[in-house]
2 protein chains.
Amino acid sequence: MTGQAGAARPAPGAAGPAGQPGGVPFTDFRADPSRYRHWRLECDGPVATLTMDVDEAGGLVPGYELKLNSYDLGVDIELYDAVQRLRFEHPEVRAVVLTSGKEKVFCAGANIRMLAASPHPWKVNFCKFTNETRSGIEDAALASGQTWLAALNGTASGGGYELALACEHIMLVDDRSSAVSLPELPLLGVLPGTGGLTRVTDKRHVRRDLADYFATKAEGIGGRKAVAWRLVDEAVPRARWEETVARRAAELAGRSGRPSGAPGIELTPLDKTRTGEQIRYRHVTARLDRARGVAEITVGGPGEDAPADAAAIHDQGAAFWTLAMTRELDDLILDLRTNELELGTWVIRTAGDAGRVLGYDRLLLRHADDWLANEIIHYLKRTLKRLDVTSRSLIALAGPGSCFAGSLLELALAADRSFQLSGVFEGAGPDAAPPVVHAGEMNLGPLPMGNGLTRLQTRFYGDQAGLAAAEKRAGEPLLAADAEQLGLVTFAPDDIDWDEEVRIAIEERASFSPDALTGMEANCRFAGPETLETKIFGRLTAWQNWIFCRPSASGPDGALRRYGTGQRADFDRKRV
Amino acid sequence: MTGQAGAARPAPGAAGPAGQPGGVPFTDFRADPSRYRHWRLECDGPVATLTMDVDEAGGLVPGYELKLNSYDLGVDIELYDAVQRLRFEHPEVRAVVLTSGKEKVFCAGANIRMLAASPHPWKVNFCKFTNETRSGIEDAALASGQTWLAALNGTASGGGYELALACEHIMLVDDRSSAVSLPELPLLGVLPGTGGLTRVTDKRHVRRDLADYFATKAEGIGGRKAVAWRLVDEAVPRARWEETVARRAAELAGRSGRPSGAPGIELTPLDKTRTGEQIRYRHVTARLDRARGVAEITVGGPGEDAPADAAAIHDQGAAFWTLAMTRELDDLILDLRTNELELGTWVIRTAGDAGRVLGYDRLLLRHADDWLANEIIHYLKRTLKRLDVTSRSLIALAGPGSCFAGSLLELALAADRSFQLSGVFEGAGPDAAPPVVHAGEMNLGPLPMGNGLTRLQTRFYGDQAGLAAAEKRAGEPLLAADAEQLGLVTFAPDDIDWDEEVRIAIEERASFSPDALTGMEANCRFAGPETLETKIFGRLTAWQNWIFCRPSASGPDGALRRYGTGQRADFDRKRV
């Protein structure tokens, strides 16, 4: 597979998994600004302008036109690429103006014909990815001082307004026709599912009854009322539009602590090989076992010791192990989630030297005030969050040669279950060392989950003594018996039981209802407090998924299918 | 309609609304200990024992047998009645031992054949009511010093263990066969949806990976391991069972601050008349407008001034206005939710004297340390929470003669939208007064929502200035312009616009997708923090509803339908 995003063409209507050898291509999440079809990125000192100008004919799949800056997954893949490149390639950018290249329309949201034609898993995956990208836009402001400003030069409806909601400041042109709206409920019989309902009340603090009214008013709200209701921050007459946008962007940029004059690093193309049987990058590989419904993922530790100083991180750039590994893992998660629906269990191994992993962690944390080190840590954080909301069973295996330490221990802590071999395998030779797991500084704060807690804090939620005991042993290599007793791994079978226990766990998983597993995991993984982010991925998404699979939305007479036909949807009037 | 619970026989398999005049009976939520078929309630001083002993032949609907103490809605209606009577009729009870009258089985959970045969709305309604009852059991301990102890004298599986999880202390007999389990996922392809997953991690602090393992192990876990994993608090050998249960109950009772020697009040039978067109109680009425899909609810204020002291509350007992009104409202919510699925909008009015409502509120709050006053306030709190999680659009109308004040103002604050008439109607006569709304002490703390905030705090979530401004005016009657400006009501049309605006709001609501409205309301109503309770009704329930309507659970080859047939379920292997 050689094509990058914009070129890959899956079939969202296809019921089976993509990826038959020699057959249907896979959705590719890799992109590059030189090949963008839908966006223009212009950087001018501390202010970048990202202009949405969707190519109507550039849909990822045949069958719909991307009119009025509506988007599909392909448009969002490019947006995600821009978000990432702004952070790594443009450290000088402190404010990002998000605007549209169309007259009188900012963005019409997700393309309806695409949604209507898509099977349930495609819709859900699409919403999850777009949600993650919007959370990433918020993370840029919070974690990185790169603040996004939505300059709505025309109407922003549905997903278009939800995209604006991910920005920290929303400006709407005040021309008596431009408005913001969430028309999903009245027009399509679904929710504004890309965080819209949650951000309106929980981020922008729109009063709940006004939010209710707004979300039922298809034509939306503009001008002073939109400001009074907090839907936007300001409404600006067209005559003063460009000047005011530029002034606001300069003000936001002025509040940032990002460095001046620092050169960015290039996010070079990923070295990826993909067949129907495996996906291989430099540090990460996945073997696709279709017979068992399993992806066997191995994450490799660093091939050499961490360099001595921050300058070396910059010198190595995209080749720096933590960044390279994270980019590969990120791409793998997206690839498997979208292209391999029937691989319901991901078995995660690590291979390498734990000391080296901890060395890279220490280097990054010692230089956390270096912009690039900071970016790498936050990117790893976001990628691990992507794993947390992935609807696959995650089983971590700490066998011989593994290096579940520090940042890589997070993979085991993110897993639904983990196994650590107690001792060595019979016949392993006199030099064989029993596997250890190893908590480090990276496990104690820098990589929080969406709920705001570390994975250790979530694991020991409500058990302060257990948390303290585990945290106290950070820095120590732990044999299986210790790790199990401390609660860092789930099970610690010895060589006699290992194969059988692991086999049963994997086979059993494959025998359960995939839907029930998804629901169970979405609950068990998020003990404790909820945040804007977990509410979007938990509460809002779950309701949307329910609505998506109900006849009133997706049935032949449902609102999604009937949209644009001139026929009204036929609703089951029963309230559930 | 004269029958009370145990007698009413709806058809869960019926697709249309119950309640054709002269036809299908309605599900009745009224019960009375003298008619219990499934429970025995014995009070012995400070300790009550509630014994579950389900009558196999006593299903609410024909078609299934309630074996092994499995339950259906009828069993749970009696349980709810017992919870209520314990609080009002038995102030002397400080600990409640919940146990089973069967040999070797505590409770097998919700009856599977009943679930498999039930249409989607019935399943969802059933789960909601059982969840509310379990939250009520927790509320008894927290708010009232009446602590429940689960004495599992045999296996507690699924909903049986979830019932135990609602208790503050769980004892399991240690006999090498009794276990607790959540077999829903492995056996039925659904979630433990009565709070099980949430309470295991968030209340009992079972580690997430152990919770995952536990929820996939159909045979469950007993003995010391169940204690070590925090699934139960103690495992007690059968030889010491009764003595230990009695000792624990006495210890729990000893920690309670409930009064000794205070006589309870009798929850006398509700005075209710129900036809296909209306439901009428003493203070509350509902007109059922099937053509428009609307229930027009009117809650009447007190017919006379509040009495002078706490003694009078006891004297009046179930006739005391706040208690009588709350019981009627509670029953009405349950009746409409279960029996009138197509009445998607509830229009809520009040009628009476605002000053009197505030007088009753003041009396209760002045005597909040009186056990009965305390119970009444908390019952009103629970009933309003029931309204919050009701999947109907709620529209409050403050027109002439209304009394949205204090406790009754909560109805408007719970509504998705509210309208207050600005001024009087033309031709209303020289004495007509324009309607006012009126915040009071009851709106400032005693009646929190499930998220732990008052409805005012939720309304002004993130807007401290708005909250302070509204709270500052507590005690003042507010005309429509003031109430709208303060944000206490949504809209304040005058007599020229009133009819049209209200009509449009109601008609428009009826034109939208009922599912999408349910999802939107479930999100907009719960701005801000989440709690165990909101996680159960939001995150867990939404995932369960999604799973319930997917083919892998409820399709002809799904796990729920195939359970007990000897055939394995046929799952769609795609992960969503």
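Hydrogens, waters and symmetry mates play no part in the numbers below; they use all other heavy atoms, side chains included. First the proteins, then the strands, lettered A, B, ... as listed; each starts at 1.
Interface summary for chain B: among A:P121, A:S393, A:S391, the most heavy-atom pairs under 4.5 angstrom belong to A:S391. For chain A, the option among B:L343, B:T541, B:L532, B:T534 with the highest count of heavy-atom pairs below 4.5 Å is B:T534. Of the listed residues (A:K535, A:Q544, A:K128, A:R568), the greatest number of heavy-atom pairs within a distance under 4.5 Å of chain B belongs to A:K535. No other option in A:S511, A:P529, A:A215 has as many heavy-atom pairs under 4.5 Å with chain B as A:S511.
For chain B, the nearby part of A:L413 is the backbone; its heavy atoms alone come within less than 4.5 Å. Residue A:L517 touches chain B through both its backbone and its side chain, counting heavy-atom pairs closer than 4.5 Å. Contacts of A:A569 with chain B are absent, with no heavy-atom separation under 4.5 Å from either backbone or side chain. With a 4.5 Å cut-off on non-hydrogen atoms, A:R337 does not touch chain B at all. Neither the backbone nor the side chain of A:E184 comes within less than 4.5 Å of any heavy atom of chain B. In this structure, chain B has no heavy atom under 4.5 Å from any part of A:A218. Contacts between A:A415 and chain B at a heavy-atom distance below 4.5 Å involve the backbone alone (N, CA, C, O). Looking at A:N125, neither its backbone nor its side chain comes within 4.5 Å of chain B, counting heavy atoms on both sides. Heavy-atom distances place the side chain of B:E521, and not its backbone, under 4.5 Å from chain A. Of the two parts of A:V489, only the backbone, made up of N, CA, C and O, holds a non-hydrogen atom closer than 4.5 Å to a non-hydrogen atom of chain B. With a threshold of 4.5 angstrom between heavy atoms, B:T531 does not approach chain A through any atom at all. Heavy-atom distances place no part of A:F214 under 4.5 Å from chain B, backbone and side chain included.
Across all their heavy atoms, A:W543 and B:F537 have their closest contact at CZ2-O, 4.1 Å. When all heavy atoms of A:S552 and B:S513 are compared, the closest pair comes out as CB-OG, 4.0 Å. Contact detail for B:P186 and A:F512: the closest heavy-atom pair is CB-CE2, 3.5 Å. Smallest separation of non-hydrogen atoms from A:F571 and B:P514: CB-CD, 3.8 Å.
Looking only at side-chain heavy atoms (C-beta outward), A:L540 and B:R539 stay at 4.5 Å or farther from each other. The shortest side-chain heavy-atom distance between B:C524 and A:L197 falls under the 4.5 Å cut-off. Side-chain contact between A:L341 and B:R573 is absent, with no heavy-atom pair separated by less than 4.5 Å. Contact check for A:T518 versus B:V576: no side-chain heavy atoms found under the 4.5 Å cut-off.
A salt bridge does not link B:K574 with A:D515: every distance from a Lys NZ or Arg NE/NH1/NH2 to an Asp or Glu carboxylate oxygen is 4.0 Å or more. B:R230 and A:D463 are joined by a salt bridge, as a carboxylate oxygen and a charged side-chain nitrogen come within less than 4.0 angstrom of each other. With salt bridges taken as basic N to acidic carboxylate O contacts below 4.0 Å, none links B:R575 and A:E340.
Using modelled atom types, no side-chain atom of B:R208 and backbone atom of A:N523 make a donor-acceptor pair closer than 3.5 Å.
Between the CG atom of B:D416 and the CG atom of A:D209 there is a distance of 9.0 Å, given to the nearest 0.5 Å. To the nearest 0.5 Å, the span separating CD on B:E508 from NZ on A:K217 amounts to 8.0 Å. Here the CG-SG distance, from A:N545 to B:C549, works out to 10.0 Å after rounding to the nearest 0.5 Å.
Close approach to chain B, defined as a heavy atom under 4.5 Å from one of its heavy atoms, is seen in no residue of residues 450-458 of chain A.
Around atom CD of A:Q464, no more than 12 heavy atoms belonging to other residues, nucleotides or ligands sit under 6.0 Å away.
B:Y563 is linked by a ring pair (Phe, Tyr, Trp, His ring centres under 6.0 Å) to nothing, counting only residues two or more places apart in sequence or in another chain. Partners of B:F526 by ring pair (Phe, Tyr, Trp, His ring centres under 6.0 Å), not counting sequence neighbours: none found. The side chain to side chain contact (heavy atoms under 4.5 Å, CB included) check on B:A553 picks up B:V190, B:I547, with sequence neighbours excluded.
Side-chain contact annotation: B:R525 with A:T201, donor-acceptor N/O pair under 3.5 Å absent.
Two rings, from B:Y213 and A:F491, have their centers less than 6.0 Å apart.
Ring planes of A:H205 and B:Y461: perpendicular class, angle over 60° (limits at 30 and 60°).
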task: Go through the steps for B:T216 and A:R509 under the test side chain to side chain contact (heavy atoms under 4.5 Å, CB included), then give the verdict.
output: CA-CA 9 Å; B:T216 61; A:R509 212 76 181 181; 3.8 Å; yes
